[in-house]
Amino acid sequence: MPELPEVETIKRALSASLVGKQFRGLIIYDHKPLCGISPEEFRRRLIGQRIKSIGRSGKYLLFNLSNDDRLIIHLRMTGALLLNPKKPERFTRVIFSFNDNSRLVFTDVRRFGVMRLVKSESDVIGDLGVEPLSKEFTPELLAKLLAGRRAPIKAVLLDQTVIAGIGNMYADEALFSAKIHPTTPSGKLSLSQVNALHQAIRRTLTKAIRSGGASVSTYRLPDGGIGTAHFDFRVAHCGGRPCPKCKTEIQRIKIRNRSSYYCPKCQKL
DNA sequence: CATTGTCCCTGGAAGC
DNA sequence: TGCTTCCAGGGACAAT
């Protein structure tokens with residue numbers, strides 16, 4: 001499941017390979033990811049454009065094009081972007097080709113992934129919250145964002161309009177690091193808990209980026225390789241296993257219909 | 001506005 | 001072995 005560290009890893013790999021290249025061809029096997037834009041219009045607007053730079057906001061990849069359009073891609077659950085794959089991919093939805101014959105293949109088993117071609121990126125990512133690895137994201141800002149909220153902290157961490165880029169896996173990992181129970185009402189966190197959570201979020205994400213992201217589910221790097229961040233998971237997807245700190249069995253509960261994993265002894269309400 | 005629940009989507013795992 | 005059911009979860013959207 002691509003979250004901030006995975007998307008950042010993909011962004012870096014694609015930047016190194018694609019910046020400066022010009023879109024030459026487009027094969028659309030499935031128009032669902034285009035979100036209503038016709039394949040003809042998508043092709044007309046994209047072909048001939050050069051990639052000036054590639055950025056990331058939250059879990060969105062932003063391709064800045066020479067005509068100042070933006071190609072915005074969200075991989076959602078199972079999307080992947082592969083550079084020049086050697087074998088045909090089973091769930092290929094779109095293939096981009098470039099002026100140097102290189103190819104970028106968009107695959108997506110579950111078809112949740114989307115790609116938008118827009119003039120103004122704020123139409124797509126305008127409501128995103130603060131970037132958790134930016135200077136702007138301070139303990140004071142986190143405290144302000146959580147103050148007065150009654151929703152469980154886990155739910156707020158997943159709200160992309162509050163903080164951009166944290167998904168289910170890293171929310172669980174950060175809460176374990178900060179020793180906070182996932183159902184704690186956000187506004188009830190103490191100052192020291194907020195400080196611990198702030199540090200946990202930054203450390204968890206930074207470390208995961210260094211590991212190239214977590215290859216649970218279908219996540220792959222553009223070269224087809226896998227990330228290793230999931231080997232460091234202490235609670236995420238670890239239901240039933242012993243807590244690495246106290247050996248208590250990791251519990252799984254549902255919060256807003258999402259699985260939350262936590263240690264009932266290390267993360268008390 | 002804040003919060004919560006439902007839907008989308010499909011393959012793989014689990015259960016019988 | 002083969003069928004059915006459950007499960008994964010980001011984000012749009014509707015409802016409260």
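Residue numbering restarts at 1 for every chain, and letters A, B, ... go by the order of the sequence lines.
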Under 6.0 Å from the NZ atom of Lys87(A), do we count more than 12 heavy atoms belonging to anything else shown?
no

Ion pair check, Lys11(A) and Glu8(A), cut-off under 4.0 Å
yes

Measure from CZ on Arg93(A) to P on dT10(B) and round the result to the nearest Å.
7 Å

Taking 4.0 Å as the cut-off, does a side-chain nitrogen or oxygen of Lys254(A) come that near to OP1 or OP2 on dT4(B)?
no

Is the shortest side-chain N/O distance from Arg256(A) to OP1 or OP2 of dA2(B) below 4.0 Å?
no

Has Ser259(A) got a side-chain N or O lying under 4.0 Å from the OP1 or OP2 atom of dA8(C)?
yes

Could you state the CZ-C1' distance from Arg110(A) to dA8(C), rounded to the nearest angstrom?
5 Å

Met77(A) atom CE is separated from dG12(B) atom P, nearest whole Å, by 15 Å

Nearest-Å distance, CZ (Arg111(A)) to P (dC7(B))?
19 Å

Under 4.0 Å, counting only non-hydrogen atoms across every strand here, what does Pro152(A) touch: a base, just sugar-phosphate, or nothing?
sugar-phosphate

Audit row: His74(A), Phe112(A), ring pair (Phe, Tyr, Trp, His ring centres under 6.0 Å) steps and yes/no:
CA-CA 9 Å; His74(A) 197 303; Phe112(A) 282 3; over 10 Å; no

What is the distance from NE2 of His237(A) to C1' of dA13(B), rounded to the nearest Å?
14 Å

For atom CG of Leu158(A) and atom C1' of dG5(B), their distance in whole Å
15 Å

Side chain of Asn257(A), heavy atoms from C-beta onward: which of dT6(B), dG10(C), dA12(C) has the nearest atom to it?
dT6(B)

Among Ile95(A), Thr92(A), Leu82(A), Leu75(A), which one satisfies side-chain contact (heavy atoms from CB on, under 4.5 Å) with Phe106(A)?
Leu75(A)

According to the 5.5 Å centroid and 30° plane-angle thresholds, does Phe112(A) stack upon the nucleobase of dG11(C)?
no

Could you tell me the separation between the CZ atom of Arg252(A) and the C1' atom of dC7(C), rounded to a whole number of Å?
8 Å

So does Arg149(A) get a side-chain nitrogen or oxygen closer than 4.0 Å to the phosphate oxygens (OP1/OP2) of dT3(B)?
yes

Which nucleotide in the set dG10(C), dC9(B), dG11(B) lies at the smallest distance from any side-chain heavy atom of Arg76(A)?
dG10(C)

Tyr219(A) OH - dG11(B) P separation (whole Å)
23 Å

Residue Asn168(A), side-chain heavy atoms: nucleotide from dT10(B), dG10(C), dA12(C) that is nearest:
dG10(C)

Using heavy atoms to find the nearest nucleotide of DNA chain B for Val109(A) and Asp159(A) separately, return the residue whose nucleotide is more 5′.
Asp159(A)

Passing candidate, side-chain hydrogen bond (donor to acceptor under 3.5 Å, both in side chains) with Tyr170(A), options Glu3(A), Lys207(A), Glu6(A):
Glu6(A)

dG10(C) OP1/OP2 closer than 4.0 Å to side-chain N/O of His74(A):
no

So what does Arg258(A) touch, heavy atoms closer than 4.0 Å: a base, only the sugar-phosphate, or nothing?
base

